[in-house]
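Proteins come first, then strands; the chains are lettered A, B, ... in the order of their sequence lines, and each starts at number 1.
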2 protein chains.
Amino acid sequence: MVEKTTEVPATPGTARPHQRGGATFLLTQLGTHAADRFAARTAELGVSPPQIGLLWWLRQSPGQSQQALARQFNIQPSRVVTFVDELEEQGLAVRGKDPYDRRVRTVSLTERGERTIDAVGRAMGEHEDEITAPLSADERQVLVELLGRLAEHAELGSGVHPGYRNLSPKHGR
Amino acid sequence: MVEKTTEVPATPGTARPHQRGGATFLLTQLGTHAADRFAARTAELGVSPPQIGLLWWLRQSPGQSQQALARQFNIQPSRVVTFVDELEEQGLAVRGKDPYDRRVRTVSLTERGERTIDAVGRAMGEHEDEITAPLSADERQVLVELLGRLAEHAELGSGVHPGYRNLSPKHGR
DNA sequence: TATTGTTATACTCTATAACTATA
DNA sequence: TATAGTTATAGAGTATAACAATA
């Protein structure tokens, strides 16, 4: 797969009845919007949000094995293979060999991958500015503080990626 | 399809690099979490979030044609057929005939559908309380005010359902 | 000819299970 | 026997197109 669709898939799971006002409704609405806009912005750089997650992690922890990546993002090893295949085809990452264990394939960024993730970092800054544009600096700080307390209460780890959740322990049904 | 999985599907579109602090990251994280919890809570009532959207709308606007529902939620008419099929199988809604146009099938709630959507309404209240538990009443008001301004700036309509977005005008790719 | 509802088909994404090569 | 990587298969979910009945 050389190209990859970068739109956020239709997620009926986030549907909600018509109701304004509630903080949770606004959170769902804005969270979806923010993810959409981020995907649209970074699509111009040729990378999708899940790819970005991997690139970001590889920049600070290069040479990881694919198993380590699967554990880090809590996804199936077979998905890692697909993602890394894509990144290699796009020239953003390369697989290497572990000299001590010939089973493992290490993954590192190429120079182009470095440049791309740098550009993504700049896009993230612009994205943050775009989303929080109507707020003053003080108000942004208040918002971050309130949202941070909600996240802490929800026990969302600081580095938890909603897109990489493991769906195995299904609820309901 | 008698039963329906109610988990939020894996949405790599919401993935984000490891970064705390940013308001947009928190919004995505919390929005996803809120949608997950809502789906888990209402799964006990036997309905999924997209079904809830339809039931909610049908309560206040009963007897809608399926075409009207498709326009209202900005989804394909064929999806409406599937959703209404499910609701009928679960005994939550019934199709009727339009006496003036024999092509259209109207959709209305059954008594059981009414009771279910009432229960969903109560669950929404509990859900709101759960998510905003760590905030005082004043703080909740501030949060809603700030989020409301972000939503207004993003031009998100008050009744826009992120889960029912039409994906046709694709961006990127 | 256009519209409503429906069915059929294809495509994407993902989870699971098999398979290989090493250890 | 266990583990890393890979490939193959199957299952949701959804978009698109084709179709029948009616206007």
For this session: Whole angstrom is fine here: how far is it from CD in B/Gln51 over to C1' in D/dG13?
Result: 14 Å
For this session: Looking only at side-chain atoms of A/Ser65, point me to the closest of D/dA15, D/dG5, C/dT6.
Result: D/dG5
Problem set entry | Whole angstrom value for the distance that separates P of C/dG5 from CG of B/Leu69 | 9 Å
Exercise. Which of these nucleotides, C/dG5, D/dA15, D/dA4, is closest to any side-chain atom of B/Gln66?
Worked result: C/dG5
For this session: Summarise protein proximity over nucleotides 17-23 of chain C in one line of letters, 5' to 3': B for base, S for sugar-phosphate only, - for none, counting protein heavy atoms closer than 4.0 Å.
Result: -----BS
For this session: With the side chain counted from C-beta on, respond yes when B/Val120 and B/Leu55 share a heavy-atom pair under 4.5 Å apart, and no when they do not.
Result: no
Exercise. To the nearest Å, how far apart are B/Arg105 CZ and D/dA20 C1'?
Worked result: 14 Å
Exercise. What integer distance in Å separates A/Gln64:CD from D/dG5:C1'?
Worked result: 16 Å
Problem set entry | Axial cation check for A/Trp57 ring with A/Arg59, 6.0 Å and 45° limits | no
Exercise. Over how many whole Å does the gap from A/Gln76 atom CD to D/dT6 atom C1' extend?
Worked result: 14 Å
Seminar exercise, completed: Between B/Ala34 and B/His127 the two heavy atoms that sit nearest each other are O-NE2, 3.0 Å
For this session: Would you mind checking if B/Glu139 and A/Arg149 are paired as a salt bridge, meaning a charged N to carboxylate O distance below 4.0 Å?
Result: yes
Exercise. Whole Å only: how far is the CZ atom of B/Phe83 from the P atom of C/dT6?
Worked result: 15 Å
Exercise. Looking only at side chains, do B/Gln72 and B/Gln64 share a donor and an acceptor under 3.5 Å apart?
Worked result: no
For this session: Evaluate the criterion salt bridge (Lys or Arg N to Asp or Glu O under 4.0 Å) for residue pair A/Asp36 and A/Arg41; output intermediate values, then yes/no.
Result: CA-CA 9 Å; A/Asp36 280 357; A/Arg41 196 183 275 277; over 6 Å; no
For this session: For A/Val81, answer base if it contacts any base atom (sugar-phosphate contacts may also be present), sugar-phosphate if it contacts only those atoms, and nothing otherwise; contact means non-hydrogen atoms under 4.0 Å.
Result: base
Problem set entry | Phosphate OP1/OP2 of C/dT3: any B/Arg71 side-chain N/O under 4.0 Å | no
For this session: Give the rounded distance in Å between these two atoms: CZ of B/Arg79 and P of C/dG5.
Result: 17 Å
For this session: Figure out the CD/P separation between B/Gln67 and C/dA2, and round it to whole Å.
Result: 15 Å
Exercise. Do any pairs count as a side chain to side chain donor-acceptor pair (under 3.5 Å) and have a residue in residues 105-116 of chain B, sequence neighbours left out, and if so which ones?
Worked result: none
